[in-house]
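Worksheet: the structure to be examined is printed underneath.
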4 protein chains.
Amino acid sequence: MPDATRRSEQSRRAILDAALTLLAETDYAKMTIEAIAARAGVGKQTIYRWWRRKGEVILEALTGQATPVVLPDSGDLEADLREVVRATVAEFGDPRLSATTRALTVEMLSDDDLAGQVRDRLLRPQLDAVRDRLAVAREQGQIRTDADLGLVVELIFGPIFHRWLLSNGPLTPAYADGLVDHVLAAVRP
Amino acid sequence: MPDATRRSEQSRRAILDAALTLLAETDYAKMTIEAIAARAGVGKQTIYRWWRRKGEVILEALTGQATPVVLPDSGDLEADLREVVRATVAEFGDPRLSATTRALTVEMLSDDDLAGQVRDRLLRPQLDAVRDRLAVAREQGQIRTDADLGLVVELIFGPIFHRWLLSNGPLTPAYADGLVDHVLAAVRP
Amino acid sequence: MPDATRRSEQSRRAILDAALTLLAETDYAKMTIEAIAARAGVGKQTIYRWWRRKGEVILEALTGQATPVVLPDSGDLEADLREVVRATVAEFGDPRLSATTRALTVEMLSDDDLAGQVRDRLLRPQLDAVRDRLAVAREQGQIRTDADLGLVVELIFGPIFHRWLLSNGPLTPAYADGLVDHVLAAVRP
Amino acid sequence: MPDATRRSEQSRRAILDAALTLLAETDYAKMTIEAIAARAGVGKQTIYRWWRRKGEVILEALTGQATPVVLPDSGDLEADLREVVRATVAEFGDPRLSATTRALTVEMLSDDDLAGQVRDRLLRPQLDAVRDRLAVAREQGQIRTDADLGLVVELIFGPIFHRWLLSNGPLTPAYADGLVDHVLAAVRP
DNA sequence: ATGTAATCGAGACGGTACGTCACGTCTTGTT
DNA sequence: AACAAGACGTGACGTACCGTCTCGATTACAT
């Protein structure tokens, strides 16, 4: 219904910026639609007009600032995985950065539709990049041919997420390396 | 401050039962403290007197009904793991059962303290049971000696949780079996 | 803080009407802010936005329906006073009408600010009307020149209020007449 | 039902003292049954067992400390009235003392039964003392024989109460004297 | 002197209302 | 038409007291 051609880009940016600021500065509980609107100097209706839920605002704010995922391909699979896994583990370990993950996860749990969007728009590139790298390795014979690459990707990111949510152990480079070791052991020919 | 010796066991049970009923019957958003109190025929203060947050009520309700974890030890590690992983995958795949996981996860994300309690009281027994089974297998030489058993446990449960949260694929017995296959491949001597 | 220009006149009227209805129908103890809001079909916040206490709602409701005070001036001071005093005594004697006086008095006793408003907005017109009538009579030589007219007004209304509050005797026309007799005796030249 | 012979005089005194202390120290709104019990170091039930409402506690606390009313009879009616009216006006003018009047008045307005008790037990002695003094004066020919002494008493105390409740003017000795003047003018033969 | 029954302190309990917060919708000018 | 502003009905929040109730632990009376 809303006419996107008339949309104020200025308000849109103010809202997304306000959302990111509030995510970084305050408790997630304080990050309400009203707070975003107030912080952005925007009417609440302007938010409701363009997004259906708070989670979508957060998602768009995050996708906007996401750096395009480029996975290195040095030829050395283990080194390449180590790099990406170390980076991911570091991100989950950083309280500042993981605040956004917290927020997004809560929203995903309340809205299946959003969960799909987060998966496809935010995470898929990352997951696919790893998968693609694994596919290359498989073609090069570094990985057994019957390995389920989608599952292998989950073997990498699932444990990190699990450990992060449960505070089930330290999120250190050593942990990242151990994880890579075990996953590679699972797929080596 | 409250005097636990004078606590009404009847009210406590009514509250925990009401919480479970609401979790099973309704949307998580409708599962408010007021709704629990009303359903239990109890004053709100009686809830606030004994629990600090809704998540603690849910946790206690769930721990109360948790069946003690017994992991089979048939001598066949793969068969044993298959059984427990299939059961876990089935649980996450069942919308009814996973409603409680949703609720608890949301609460954990809002309260680190609760996250610790959930980990230690609810999940630890399950995780440790698997770990213990792996330890037995390692002593029997079915697993390489340098495997990090804690990490292996995460390799099993992390992907399930990851797939469930992201709706990243079907949660079927076949998936469970594939997961066990890959994990075992990682740890076989 | 609230923007009075955007105020809903419809809600305002519904609230004041509900307040009057509840005063007439129910016990004063049941006349809560929540009950007013429910009866008016209005959010509690809409009451709190525009009034600070229940007493202010009642005051505004009563001033809204107050009939303008017109004191007769037949030339016969005694007859005129008799009329107004009889009416006042009848009002205090009527359980229905005195319910509002009860309510308002309780509120006045809990809030000095409100007491002043009730005095100035609700009672002052009545008191001043009597005082003015007395002033006319004084100019006509029917009242001694050194009479303190403010005090004379209190001599009239004070005893009525006193008797009403203490149930210290009947509130009848005969009482009204006796009161007028004595007060006039006090001020005749 | 309760057996008064077993009643703890110590608790009774503690409750009445606590009530008076709270009346003097705090806002009337903070003077709850729970606050009295806590301050007195007494169980709530001990209050409910012996009094039906908060107002009765206050009443008993006040009657307990009331000084017996003795009205002077110097032979000079005007001087005698001036004394008692000045004292009354001073009491109403003192914020500390009038706090108890406030409390009691609120309770009276919520409970007719209590109103009667306050009238008969607390105020009657004072009112009757004045009335008796007036009766003596009437026998001595200082007051016209057809004066309604009950009404005259109301002419004295009603205006004070009225002025106090409405903050309708200063409560000073000059006011007291003016009041006596006018009342005496009303009853002189 | 010794049960035994009521009072006592303490405070948990089911309720009701409080006053606040944020929701998502709506209305009112402004741009 | 979108916008800032914010009032609106709704409903949950967490708190304060209400008046009732159950708990041992003192009492003080009747056996």
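We name chains A, B, ... by the order of the sequence lines, and we start the count at 1 in each one.
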Just to verify, what does [X] make a salt bridge (Lys or Arg N to Asp or Glu O under 4.0 Å) with, not counting sequence neighbours?
X	value
C:Arg13	C:Asp17
A:Asp94	none
C:Asp112	D:Arg102
D:Arg53	D:Glu107, D:Asp111

Revision key, fill the gap. Residues of residues 33-46 of chain A with a heavy atom under 4.0 Å from any atom of DNA chain E, listed by number, are A:Ile33, A:Glu34, A:Lys44, A:Gln45
Review point. Heavy-atom contacts under 4.0 Å between residues 54-64 of chain B and DNA chain E, which residues?
Key: none
Practice item. Measure from OH on B:Tyr48 to P on E:dG14 and round the result to the nearest Å. Key: 15 Å
**Study point:** Nearest-Å distance for atom pair CD1/P, residues B:Ile47 and F:dC13
**Key:**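 One finds 9 Å between P of F:dC13 and CD1 of B:Ile47, rounded.
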Tell me, please, which residues at least two apart from [X] pass side chain to side chain contact (heavy atoms under 4.5 Å, CB included).
X	value
C:Thr100	C:Leu23, C:Leu62
D:Gln45	D:Tyr48, D:Arg49
A:Ser167	B:Arg119

Exercise for review: List for me each residue that meets side chain to side chain donor-acceptor pair (under 3.5 Å) alongside B:Glu9, sequence neighbours excluded, and say none if there are none.
Suggested key: B:Arg12
Point to revise | Side-chain touch A:Leu109/B:Leu109, heavy atoms, less than 4.5 angstrom | key: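 A side-chain contact exists here, since the closest heavy-atom pair is under 4.5 Å.
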Study note, to complete from the structure: Residue set satisfying ring pair (Phe, Tyr, Trp, His ring centres under 6.0 Å) with A:Phe161, at least two apart, ordered chain then number -> A:Trp164, B:Phe161
Review point. Quick one: is F:dG6 close enough that its OP1 or OP2 comes under 4.0 Å of any side-chain N or O from C:Trp50?
Key: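 No, C:Trp50 has no side-chain N/O under 4.0 Å of OP1/OP2 on F:dG6.
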Practice item. Pull out every residue in residues 3-32 of chain B that has a heavy atom closer than 4.0 Å to any atom of DNA chain F, ordered by number, or say none. Key: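 Hits under 4.0 Å, by residue number: B:Arg6, B:Thr32.
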